[in-house]
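Working notes, structure below.
The first residue in the sequence is number 1, and the count goes up from there. Since the structure is predicted, the reported quantities are computational estimates derived from the model, not experimental observations.
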Amino acid sequence: MLYVLPSSSVQSNIVGTLEVYDVKFNSFIQLNQKRKETIEYFNLTCPCIPVWRRFKNKFWDHLQYWILPESVKEHIKVRSVVLSPAFGLLSVEDSIPRYSLTWSHLHKGIRLKEYWKEDIRKTTRELFENMNVLLFVGKGEIPLLDTSKAKRIVLFEYYRKDKKVKNSLTHRAYTLRYIAEKGIDMEGLHRINFYDYSVSSIVQKGKLIKVVLKSSGEYI
């Protein structure tokens, strides 16, 4: 299985130890030329820290990567790809400078979403071939991905007191943690649960699988 993790415009100001930044040390080296262009255009500078420390939205805060057992970290690290308006695609442990960019920011008159779209789609088309791909990104980032060659694609929906959760970043983080910590595979998706959320249905249409989790509303 492969996990696609969301970008984060909210980022930590923590001081890093890497003072000289070189994109060649990050994953997906085929994106390096465009990364150099965004670094220069937006004047992105060190210090640099790993993605899991830099990103600070609700998904990354509640994933709490830093406290996970080493085996669980490794599980997430080798199976995940992270979206980034500044760098296209990253690994969880790639080191990056701080930036306050969203997909709507302009790079030489072109929105970053369009600037990266062709490259991200080409890379993910190859990366996802014959793989089960679990999407933890929001609707706005899904069009950046090419899942045409994927074996199966998994989406998650969450309901609290029968009302659909609109901002589900926290819920997606807990879902990924449960999958990684419990070693859940495609046949075990029905076992996912956290707080008072549990799987109420799994609906498959073609290669798209929608996992619906519901709660009584006592927690998040």
I need the [X] [atom1] to [Y] [atom2] distance, nearest 0.5 Å.
| X | Y | atom1 | atom2 | result |
| --- | --- | --- | --- | --- |
| Thr45 | Ile39 | OG1 | CD1 | 10.0 Å |
| Ile110 | His105 | CD1 | NE2 | 15.5 Å |
| Glu141 | Leu5 | CD | CG | 10.0 Å |
| Phe87 | Asn32 | CZ | CG | 10.0 Å |
| Leu208 | Leu135 | CG | CG | 8.5 Å |
| Lys113 | Leu83 | NZ | CG | 10.5 Å |

**Q.** Worked check of side-chain contact (heavy atoms from CB on, under 4.5 Å) between Met1 and Met131
**A.** CA-CA 6 Å; Met1 296 195 299; Met131 298 295 294; over 6 Å; no
Whether [X] and [Y] hold their rings parallel, tilted or perpendicular, with breakpoints at 30° and 60°:
| X | Y | answer |
| --- | --- | --- |
| Tyr3 | His75 | tilted |
| Phe136 | Phe156 | parallel |
| Tyr115 | His107 | tilted |

Q: Scan residues 161-172 for pairs that pass salt bridge (charged side-chain N to carboxylate O under 4.0 Å, His left out), counting only residues two or more places apart or in two chains.
A: Glu157-Lys164
Q | Of all pairs that satisfy salt bridge (charged side-chain N to carboxylate O under 4.0 Å, His left out), the ones with a partner from residues 91-112, not counting sequence neighbours | A |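 Qualifying pairs: Lys77-Glu93.
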What heavy-atom pair brings [X] and [Y] nearest, and what distance separates the two atoms?
| X | Y | result |
| --- | --- | --- |
| Val72 | Ala180 | CG1-CB, 3.7 Å |
| Leu112 | Thr102 | CD1-O, 3.5 Å |
| Gln30 | Thr123 | NE2-CG2, 3.4 Å |
| Ala150 | Ile153 | CB-CG1, 4.1 Å |
| Leu145 | Arg121 | O-NH1, 2.7 Å |
| Tyr158 | Thr175 | OH-OG1, 2.7 Å |

In this structure, are over 12 heavy atoms from other groups packed under 6.0 Å from [X] atom [atom1]?
| X | atom1 | result |
| --- | --- | --- |
| Lys34 | NZ | yes |
| Ile142 | CD1 | yes |
| Glu187 | CD | yes |
| Tyr195 | OH | no |
| Glu118 | CD | no |

Q | Lys NZ or Arg CZ of Lys214 over Tyr159 ring: under 6.0 Å, within 45° | A | yes
Donor-acceptor pair, distance only, cut-off 3.5 Å: does the side chain of [X] make one with the backbone of [Y]?
| X | Y | answer |
| --- | --- | --- |
| Ser7 | Pro85 | no |
| Ser80 | Val92 | no |
| Gln33 | Arg35 | no |
| Lys122 | Lys117 | no |
| Asp196 | Glu218 | yes |
| Ser168 | Val165 | no |
| Trp116 | Leu144 | no |
| Arg160 | Ser215 | no |
| Asn132 | Lys151 | no |

Q: Could you walk me through whether Tyr65 and Lys73 pass the side-chain contact (heavy atoms from CB on, under 4.5 Å) test, one step at a time?
A: CA-CA 7 Å; Tyr65 186 86; Lys73 288 182 183 178; 3.6 Å; yes
State yes or no: do [X] and [Y] share one hydrophobic cluster built from I, L, V, M, F, W and Y residues joined by side-chain heavy-atom distances below 4.5 Å, directly or via other members?
| X | Y | value |
| --- | --- | --- |
| Tyr41 | Leu101 | yes |
| Val199 | Tyr219 | yes |
| Val212 | Phe194 | no |
| Ile67 | Ile76 | yes |
| Val82 | Ile29 | no |

Less than 4.5 Å apart, any side-chain heavy atom of [X] and any of [Y]?
| X | Y | answer |
| --- | --- | --- |
| Ile202 | Lys210 | no |
| Leu169 | Asn57 | yes |
| Gln204 | Arg152 | yes |
| Val211 | Leu155 | no |
| Leu127 | Leu2 | yes |
| Val81 | Phe28 | yes |

Q: Could you walk me through whether Tyr99 and Ser84 pass the side chain to side chain donor-acceptor pair (under 3.5 Å) test, one step at a time?
A: CA-CA 10 Å; Tyr99 62 87; Ser84 165; 2.8 Å; yes
Q: Assess the side chains of Gln11 and Ser100: does a donor N or O sit below 3.5 Å from an acceptor N or O?
A: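 There is no such pair (donor and acceptor under 3.5 Å, judged by atom type) between the side chains of Gln11 and Ser100.
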Q. Any chance the side chains of Glu114 and Trp103 put a donor and an acceptor closer than 3.5 Å?
A. no
(Q) Tell me if the aromatic rings of Tyr197 and Tyr174 count as close, with their centers under 6.0 Å from one another. (A) no
Q: Go through the steps to decide whether Leu89 and Leu31 satisfy the test side-chain contact (heavy atoms from CB on, under 4.5 Å), and finish with yes or no.
A: CA-CA 8 Å; Leu89 295 169; Leu31 305 178; 4.0 Å; yes
Q. Would Tyr178 and Asn193 count as a side-chain contact (heavy atoms from CB on, under 4.5 Å) if you check the C-alpha gap in whole Å, the side-chain angles of each, and the deciding distance to 0.1 Å?
A. CA-CA 7 Å; Tyr178 190 90; Asn193 69 87; 3.2 Å; yes
Q | Set of residues satisfying side chain to side chain contact (heavy atoms under 4.5 Å, CB included) with respect to Lys56, sequence neighbours excluded | A |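 If we apply the side chain to side chain contact (heavy atoms under 4.5 Å, CB included) test to Lys56, skipping adjacent residues, the hits are Val10, Ser12, Asp61.
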